[in-house]
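For reference, the structure is listed below as structure tokens.
Naming: A, B, ... by sequence-line order, numbering from 1 per chain.
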Amino acid sequence: MKENDITIHYGEDGEVKSVKVAEDASVESLLNTVEAEGILLGELEADILFLVGEEAKLLRKEHKLHEHGFQHGGHIHIAKSRHIFVEVVTTSGTWPPHGYASVPSHQPVKDQLHHAAKKLGLTDTSSWVAKVAGREIDINKNYPDNGLHRKVAIDYGPRAGGGGNE
Amino acid sequence: MNEALARELFKSDVGKISDDLFTLRNWKLYNREFPVLDIGFQGACRTEIRIRFLAPNWNDAPPSVELLNAHGNYLTGPELPRGAGSLFNPNLHPATSRPFVCMAGSLQYHTYQNHVSDVWENYKRQDSYSLGGIMTQLWDAWLRG
């Protein structure tokens with residue numbers, strides 16, 4: 001049986017692990033392989049959120065990987081139950097450095113922003129603003145309350161600051 | 001300022017600006033070779049503006065900021081973004097005889113007669129005043145213009 005190498009991204013820091021799965025494997029088989037590698041995903045919902053490449057997909061355990069874009073050498077992200085994929089982008093770096101973090105969707109957005117800031121060595125972001133697709137979001141609210149679902153890239157940076165008045 | 005050190009600090013700062021960020025913000029990269037960081041701001045229904053930093057003494061001194069159109073010509077007062085507060089100042093700066101960015105983080109601001117007491121030293125270590133941070137502030141002002 002031919003096997004595919006797949007790079008799995010998981011966890012709140014976008015941790016990465018490579019696994020081998022049969023070419024015609026199901027989602028359930030992949031999850032079993034992942035669990036055997038020591039990756040703890042916890043109890044998952046019936047519809048499991050994946051990123052296959054850049055595309056977010058809800059898949060069930062019986063789905064076949066090859067029918068949903070899983071390819072040899074490909075990268076996928078797996079979200080824990082009630083999680084969202086989050087990338088924080090700043091001019092001082094991106095967190096996680098590759099791919100997305102799997103973050104509880106009902107946690108305030110600011111939690112992941114503060115986490116990312118710490119990881120990127122940023123110490124003073126108190127006046128910064130978070131935007132998604134050009135729209136400022138409320139970082140004290142969670143992701144669904146900001147209209148954000150499945151996958152989001154947050155643009156985080158300072159507002160126009162001091163000076164002016166000639 | 002030691003040029004080699006300025007070059008390394010410049011490269012470190014600019015190297016952290018990812019391709020993802022350029023895509024997210026519709027920024028167009030014209031140049032990021034020391035000491036120049038030249039980025040175009042683009043957006044639907046907006047005229048592109050280019051911000052060119054010249055930072056040979058980074059970060060002992062803030063970048064000199066040039067305001068250009070998409071073709072690389074200096075903007076005149078009437079061509080400046082409107083409604084963005086007074087950051088894009090149409091008055092002629094005495095050192096350049098051109099409109100200038102009147103915001104902390106711009107060499108023209110810190111050397112302007114009204115602001116010489118607001119020294120760069122107070123800003124240079126803040127995360128909002130990295131080269132990318134200053135560029136972000138100008139982009140934010142442009143978006144609101």
Side-chain angles (χ1 to χ4, degrees), chain A residues 9 14 51 53-54 75 77 85-101 109-110 112-137 139 148 151-166, chain B residues 12-27 37 39 43-44 62 65 81 84-91 93 100-106 108-110 112-115 118 122-123 125-145:
Chain A
H9 298 249
L51 269 188
E54 284 290 319
H75 287 248
H77 290 66
F85 295 119
V86 180
E87 177 189 37
V88 179
V89 182
T90 82
T91 54
S92 295
T94 298
W95 191 261
H98 304 287
Y100 295 78
V109 172
K110 66 182 178 184
Q112 186 63 10
L113 295 179
H114 293 164
H115 180 69
K118 187 174 178 183
K119 290 289 187 180
L120 294 172
L122 298 167
T123 56
D124 179 18
T125 58
S126 55
S127 64
W128 286 26
V129 59
K131 293 176 183 170
V132 174
R135 174 177 63 91
E136 186 171 338
I137 60 172
I139 66 171
L148 306 173
K151 183 183 84 161
V152 61
I154 301 175
D155 181 349
Y156 193 39
R159 291 183 193 277
N165 303 317
E166 71 174 82
Chain B
S12 173
D13 247 27
V14 170
K16 292 174 184 169
I17 306 175
S18 68
D19 291 344
D20 281 357
L21 184 129
F22 278 94
T23 302
L24 274 182
R25 295 184 177 179
N26 278 327
W27 282 8
L37 178 61
I39 289 175
V65 181
S86 51
L87 294 187
F88 298 106
N89 193 320
N91 296 319
H93 193 280
F100 64 102
V101 167
C102 194
M103 181 190 86
S106 151
Q108 284 70 30
Y109 168 86
H110 293 285
Y112 197 58
Q113 56 198 7
N114 295 8
H115 303 296
D118 190 10
N122 293 337
Y123 297 91
R125 292 174 191 83
Q126 297 180 31
D127 295 322
S128 299
Y129 292 88
S130 62
L131 289 169
I134 299 166
M135 190 65 79
T136 299
Q137 293 189 52
L138 295 175
W139 178 65
D140 183 60
W142 177 78
L143 283 177
R144 291 190 278 120

Notebook entry, point to check: What are the two closest non-hydrogen atoms of B:Arg144 and A:Ala160, and how far apart are they?
Noted result: NH2-CB, 3.4 Å
Margin query: Looking only at the aromatic ring of each residue, does the gap between the centers of B:His93 and B:Tyr112 stay below 6.0 angstrom?
Written below: yes
Check: Given the side-chain rings of B:Phe100 and B:Tyr109, with only the six-membered ring counted for Trp, is the space between their centroids under 6.0 Å?
Finding: no
Check: Taking the six-membered ring where the residue is Trp, are the ring centres of B:His110 and B:Tyr123 under 6.0 Å apart?
Finding: yes
Next item on the list: Please report the shortest heavy-atom distance between A:Leu122 and A:Thr125, naming the atom on each side.
Entry: CB-CG2, 3.9 Å
Margin query: Please classify the contact between A:Thr123 and chain B as side chain, backbone, both or neither, with a heavy-atom cut-off of under 4.5 Å.
Written below: both
Notebook entry, point to check: Under a 4.5 Å heavy-atom cut-off, does chain B meet the side chain of A:Ser127, its backbone, both or neither?
Noted result: side chain
Next item on the list: Among the options B:Leu138, B:Asp13, B:Val101, B:Asp127, pick out the one with the most heavy-atom pairs lying under 4.5 Å from chain A.
Entry: B:Asp127
Next item on the list: Could you check which of A:Gly121, A:Ser92, A:Ala117 has the highest count of heavy-atom pairs closer than 4.5 Å to chain B?
Entry: A:Ser92
Checklist line | chain A contact via B:Ser128 - which portion, at a heavy-atom distance below 4.5 Å | finding: both
Item checked: Atom group of B:Leu131 that falls short of 4.5 Å from chain A, counting heavy atoms -> neither
